[in-house]
Amino acid sequence: MRKPEDFEGKSAVKNTQDRLTLVLIIFLILVFLILVIFTSLLFVYYDRIAKDIAHQLNNVKECTSQFENKLEQHKNETKPSCESGWLEFDGHCYFFSHFQLSWTSAQMMCLNRGSYLVIITSQEEQEFLNQHINKKTYWIGLTDEKTEGTFQWVDGTLLNSPPSYQFWNNKEPNDYEKKEDCAELSIAEKWNDSPCDKIQFAICEKRPI
Ligand code: GN1
Ligand code: CA
Ligand code: CA
């Protein structure tokens, strides 16, 4: 036979267990809620940071693009360009005359145009000129009028002073009949000395303004 105190004792233990379980459940729910709130706050915080970074990145991109545009504009504004009728090569402008004249008149004509008879100082320049002579012969700014056999460019540079680029045709200069003191770029795409009073085309060269 069980005593009534036994029942009371067991019921008290059960009540305590139920209460503990309830407290535990409430505690777990609270922990869960705190975790949910904390995670949500973290999410909101990182989302804001991500948006902020994206915004900054956009700003940087915009600044870069504006800088590139300004740079391009500056390049275009400062880029040397040749006036109409002149061809540009390696920062210089070239005029291929469409009329014929003596070497001295050609030099005057170039001076009047703010230029000089072409001075050739590289293989590339020679090749550029050859691309435009169109099977015609042109005066260039080279002469041995001052001292026979000593060719000099119109700026006073001696042809033989290094680095000396020379594109004479075979057996030229030959001072044919002792009458040839002015150099031409001939149809053969090479140089020849010729009589200075010969009438032919001319190439002027100048630096762009
Ligand atoms: C000769 O052959 P041609 O006319 O292109 C001469 C040149 C003289 C030129 C005078 C190999 O050239 O040196 O300057 O006549 N070429 C040769 O017109 O003698
Ligand atoms: Ca000569
Ligand atoms: Ca000659």
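Whatever order the structure lists them in is the order used to number ligands and atoms, beginning at 1. By convention here, the first residue in the shown sequence is residue 1. The structure presented is a predicted model; accordingly, all values stated were derived computationally and were not measured.
When only non-hydrogen protein atoms are considered, atom 12 (O) of ligand 1 lies nearest to Asn192 ND2, 4.8 Å. Counting protein heavy atoms only, atom 14 (O) of ligand 1 is closest to Glu180 OE2, 2.3 Å. In terms of protein heavy-atom proximity, atom 19 (O) of ligand 1 is closest to Asn174 ND2, 3.5 Å.
A donor and an acceptor atom, one from each side chain of Thr121 and Glu125, are located under 3.5 Å apart. Side chain to side chain, Gln166 and Asn160 meet the donor-acceptor criterion of an N or O pair below 3.5 Å. Side-chain atoms of Glu127 and Gln131 include no donor-acceptor pair closer than 3.5 Å. Donor-acceptor pairing under 3.5 Å is recorded for the side chains of Gln126 and Trp191.
For ligand 1, the atoms sitting less than 4.0 Å from at least one non-hydrogen atom of Glu172 are 6 (C), 7 (C), 11 (C), 13 (O), 16 (N), 17 (C), numbered in the order shown with element in parentheses.
Within Asp193, the N, O or S atom at minimum distance from the Ca ion (ligand 3) carries the name OD1. Glu172 has its closest N, O or S atom to the Ca ion (ligand 3) at the position named OE1. No other N/O/S atom of Glu180 lies as close to the Ca ion (ligand 3) as OE1 does. For Asp181, the N/O/S atom at the shortest distance from the Ca ion (ligand 2) is named OD1. No other N/O/S atom of Asp175 lies as close to the Ca ion (ligand 2) as OD1 does.
Residue Asp193 has at least one N or O atom closer than 3.5 Å to an N or O atom of ligand 1.
Of the possible donor and acceptor atoms, one in the side chain of Trp103 sits under 3.5 Å from a partner among the backbone N and O of Ile140.
The angle subtended at the Ca ion (ligand 2) by OD1 of Asp144 and OE2 of Glu148 is 120°, given to the nearest 10°. With the Ca ion (ligand 3) as the vertex, OD1 (Asn192) and OD1 (Asn174) define an angle of 140°, rounded to 10°.
Comment: Asp47 engages Lys51 in a salt bridge, judged by a side-chain N to carboxylate O separation of less than 4.0 angstrom.
There is a protein heavy atom less than 4.0 angstrom from atom 16 (N) of ligand 1. Taking a distance limit of 4.0 Å, we find that atom 10 (C) of ligand 1 is approached by some protein heavy atom.
At a cut-off of 3.0 Å, Glu145 is not counted among the residues with an N, O or S atom near the Ca ion (ligand 2).
Considering Asn169, Asn192, Thr137 as possible partners of Glu184, the one that fulfils the side-chain hydrogen bond (donor to acceptor under 3.5 Å, both in side chains) test is Asn192.
Between Phe151 and Trp168, a ring centre-to-centre spacing shorter than 6.0 Å is recorded. You'll find the ring centres of Phe96 and Tyr138 inside the 6.0 Å limit.
Annotation for Lys190: atom NZ does not count as buried by contact number, only 12 or fewer foreign heavy atoms lying within 6.0 Å.
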